[in-house]
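Below you'll find the structure, written out as structure tokens, and then a few comments.
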Amino acid sequence: MSLVTPVRVRFAPSPTGFLHVGGARTALFNWLWARHTGGTFVLRIEDTDAERSTDEMIREILDGLEWLGIDWDEGPYFQSERGERHREAAGRLVEEGNAYPCFCTVEELAAEREAAIARKESYVYSGRCRGIAPFEAAERRASGDPCTIRFAVPAGETAWDDVVHGPTSFENRTIGDFIVVRSDGAPIYNLAVTVDDLDMRISHVVRGDDHISNTPKQILIYHALGVEPPVFAHVPLILGPDKSKLSKRHGAVAVTAYREQGYLADAFVNFLALLGWSPGDDREVMTRGELVEAFTLDRITGKSAVFDVEKLEWLNGQHLTQLSGADVAEVARPWFVRAGIVGLEELEERADWFEDLMGLVKTRSRTLHDLVEQGRPFFPGPVEYHPDAIEKFWKDPAAADQALAVAEEYAAAEDHWGALEAMETRLRSVAEGRGVPAGKVMQSMRVALTGQRVSPGIFETMVAMGPDVVGERLSAARTWLARRSAG
RNA sequence: GGCCCCAUCGUCUAGUGGCCUAGGACGUAGCCCUCUCAAGGCUAAAACACGGGUUCGAAUCCCGUUGGGGCCA
């Protein structure tokens with residue numbers, strides 16, 4: 001990799017769809033490389049397909065990038081505004097004999113194709129319009145004869161040293177004279193991309209594997225334009241669980257769907273980075289800074305990777321656990337508000353309490369949804385007893401009630417809220433005095449207080465709820481149990 | 001169909017000729033911890049697609065086969 005030329009990379013999505021997982025990873029790799037090298041990350045919107053491109057999709061893409069924390073240094077540039085440059089380049093290609101007008105009609109081309117198929121050969125354009133003399137071509141164009149502009153592919157081979165795949169080459173005869181400008185004057189993708197990358201002084205083109213077959217054409221254009229092509233790195237695709245290209249069939253298409261599902265941007269970025277890349281040591285849970293520091297293009301794998309949601313969940317849990325209570329509170333706050341559990345003002349008033357609460361529930365949660373469900377019972381209001389919890393700890397209502405009677409007696413007498421060890425010692429002695437196993441008391445309390453079978457330690461739970469709520473919930477639980485045995 | 005890419009546990013990967021009786025992670029199973037569940041710790045099952053070469057030696061290099069994927073048609 002050249003140390004002389006500054007690193008300039010780009011992400012060039014076409015706004016015909018959302019920012020999907022594959023696109024996000026391509027963007028991420030470019031971004032990581034730019035940040036790692038102190039280079040420049042350019043954003044370019046390839047909106048030349050006017051019919052399918054929408055402003056809505058542009059907003060969606062920018063929204064997705066923003067969520068992931070992928071910021072750009074230049075742009076967004078819009079390819080649609082660069083038609084003039086594309087046509088200039090095409091003109092130069094024609095002038096210098098590297099491209100020529102082709103007057104073949106759709107029918108003629110179809111005939112050529114069918115003939116090739118009949119001969120069991122692969123179809124490439126015959127190149128017969130190449131023979132038309134320039135003056136004749138000019139005359140026909142002037143008279144309004146419709147034509148496309150085709151690139152005159154030379155004989156030989158086009159090769160490059162792909163950072164990911166190593167030496168890669170295509171025989172030029174398999175490429176065929178390809179169209180660079182349509183008959184309506186619109187520049188074709190390969191021309192537009194090449195001219196844009198050239199004008200934007202892109203040093204490394206990092207993009208999906210699906211562009212490999214476009215690369216020789218682009219290299220040919222670079223050479224015809226008299227410049228050295230950039231470095232290419234073709235990143236393998238991301239596959240669904242069935243190993244086909246990841247698509248809507250496999251669930252979420254837009255990366256922002258993962259935001260809604262309760263994943264942390266940092267965890268998602270970490271996960272994406274590990275899909276097709278590894279730091280070379282055994283690290284897996286990595287911060288954004290660590291990723292930037294460790295990222296190099298030559299460590300990208302050549303093999304496509306399956307998107308594994310379970311690993312994403314685990315990673316998210318890891319990131320959640322590593323965050324401080326305050327940081328978790330920061331991201332979790334809107335989730336609690338949106339769930340209708342509590343108002344934002346109240347959360348801000350009880351900021352310290354909420355941070356402590358998040359500290360308690362974060363290790364038990366993998367997503368922000370889990371966090372909400374874990375945190376819900378800590379807010380005032382009636383508790384719903386979860387069937388699983390009843391089944392597991394209140395199977396015998398009489399025994400549960402007996403345990404709760406002990407719990408009530410203990411809680412009423414407890415005056416050292418906050419001293420966890422002392423609280424436990426006391427509960428154990430009260431329970432022992434009543435001949436009820438302490439574990440039984442704690443488990444029954446868990447259901448009474450949270451309605452769930454999973455919660456933080458019972459004493460931490462009590463402290464977080466406070467004596468009043470605990471008292472209320474214990475008696476409510478006994479009433480409920482009594483009614484249940486009666487009915 | 002043509003061209004191109006790829007091939008290590010179910011999944012993500014380490015591995016660039018000897019350090020590999022193939023390492024880590026997710027997931028799975030078990031154990032420890034324990035008031036529940038996580039987290040944490042320990043353990044187990046689990047892979048070099050196949051066939052030929054090259055080499056004293058191959059997961060690593062070459063060829064072929066098979067399989068998967070992409071692009072074009």
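Each chain gets a letter, A, B and so on, in the order the sequences are listed, and its residues count up from 1. The structure displayed is predicted, hence computed values, not measured ones.
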Taken to the nearest whole Å, CG/A/Asp162 to P/B/C71 is 17 Å

Rounded distance (Å) that lies between atom P of B/C6 and atom CG of A/Asp209 =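 To the nearest whole Å, that distance equals 8 Å.
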
Among residues 447-455 of chain A, which contact RNA chain B at a heavy-atom distance under 4.0 Å?
->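 Of all residues in residues 447-455 of chain A, the ones placing a heavy atom under 4.0 Å from RNA chain B are A/Arg453, A/Val454, A/Ser455.
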
Decide if atom [atom1] of [X] counts as having more than 12 heavy atoms of other residues, nucleotides or ligands within a radius under 6.0 Å.
X        : atom1 : value
A/Arg128 : CZ    : yes
A/Glu384 : CD    : no
A/Glu260 : CD    : yes

Hey, is the side chain of [X] poking within less than 4.0 Å of OP1 or OP2 on [N], counting only N and O atoms?
X        : N     : answer
A/Ser278 : B/A14 : yes
A/Gln374 : B/A39 : no
A/Arg283 : B/A25 : no
A/His165 : B/C6  : yes
A/Arg299 : B/G15 : yes

Rounding to an integer number of angstrom, what distance separates [N] and [M] when you compare their [atom1] atoms?
N     : M     : atom1 : result
B/U54 : B/A46 : C1'   : 32 Å
B/A22 : B/C48 : P     : 11 Å
B/C26 : B/G64 : P     : 40 Å
B/C6  : B/A59 : C1'   : 16 Å
B/G41 : B/A49 : P     : 32 Å
B/U36 : B/C31 : P     : 14 Å

NZ/NE/NH1/NH2 to OD/OE distance under 4.0 Å, [X] and [Y]:
X        : Y        : value
A/Arg428 : A/Glu424 : yes
A/Glu284 : A/Lys311 : yes
A/Asp197 : A/Arg10  : yes

Identify each atom pair where a protein N or O and an N or O of nucleotides 41-43 of chain B are less than 3.5 Å apart, giving names and distance.
none

Sequence neighbours left out, what passes side-chain contact (heavy atoms from CB on, under 4.5 Å) with A/Pro230? Give chain and number order.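 Here the qualifying residues are A/Val205, A/Tyr222, A/Phe232.
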
Which nucleotide, B/C5, B/A73, B/C12, lies nearest any side-chain atom of A/Lys303?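 From the listed options, B/C12 comes nearest.
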
Taking B/C5, B/A25, B/U36 as options, the one with an atom nearest any side-chain atom of A/Arg446 is B/U36

(message) The test is salt bridge (charged side-chain N to carboxylate O under 4.0 Å, His left out); show your working for A/Glu290 and A/Arg288 and say whether it passes.
(response) CA-CA 5 Å; A/Glu290 287 168 339; A/Arg288 197 174 287 265; over 6 Å; no

What nucleic acid atoms does [X] come within less than 4.0 Å of, heavy atoms only: base, sugar-phosphate, or nothing?
X        : value
A/Gly276 : sugar-phosphate
A/Ser213 : sugar-phosphate
A/Pro456 : base
A/Phe170 : sugar-phosphate
A/Leu274 : sugar-phosphate
A/Gly302 : sugar-phosphate
A/Phe393 : sugar-phosphate
A/Lys440 : nothing

Original post:
5'-most contact on RNA chain B: A/Lys217 or A/Glu424, nearest heavy atom basis?
Top reply: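 Final value for this comparison: A/Glu424.
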
> Taking for each residue the nucleotide of RNA chain B bearing the nearest heavy atom, is the 5' side occupied by A/Ala305 or by A/Gly439?
Replying inline: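 Nearest nucleotide further toward 5': that of A/Ala305.
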
Got a list of protein N/O to nucleotides 27-30 of chain B N/O distances below 3.5 Å?
residue : atom : partner  : partner atom : Å
B/G27   : OP1  : A/Arg366 : NH1          : 3.2
B/G27   : OP1  : A/Arg366 : NH2          : 2.6
B/G27   : O2'  : A/Glu310 : OE1          : 3.4

[X]-[Y] side chain donor-acceptor pair, cut-off 3.5 Å:
X        : Y        : result
A/Asp196 : A/Gln79  : yes
A/Trp314 : A/Asn316 : no
A/Gln318 : A/Thr321 : no

Next on the checklist: Would you say that A/His204 contacts A/Leu297 through its side chain, given a criterion of any heavy-atom pair below 4.5 Å between the two side chains?
Outcome noted: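 Counting from C-beta outward, A/His204 and A/Leu297 do come under 4.5 Å.
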
Do A/Leu93 and A/Ile149 have side chains that approach each other closer than 4.5 Å (heavy atoms only, starting at C-beta)?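 A/Leu93 does not reach A/Ile149 side chain to side chain.
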
Can you name the atoms? Protein N/O to nucleotides 58-63 of chain B N/O, anything below 3.5 Å, with the distance.
none

Q | Under 3.5 Å: donor-acceptor pair, side chain of A/Trp160, backbone of A/Thr168 | A | no

Using both distances under 3.5 Å as the test, list the Watson-Crick or G-U wobble partner of [N], or none.
N     : answer
B/U36 : none
B/A14 : none
B/A45 : none

Just do the salt bridge (charged side-chain N to carboxylate O under 4.0 Å, His left out) check on A/Arg426 and A/Asp415 with the steps written out, would you?
CA-CA 10 Å; A/Arg426 281 187 201 211; A/Asp415 54 3; 3.2 Å; yes

Item to check | A/His416: partners by ring pair (Phe, Tyr, Trp, His ring centres under 6.0 Å), with sequence neighbours left out | outcome: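 Checked A/His416 against ring pair (Phe, Tyr, Trp, His ring centres under 6.0 Å); zero matches.
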
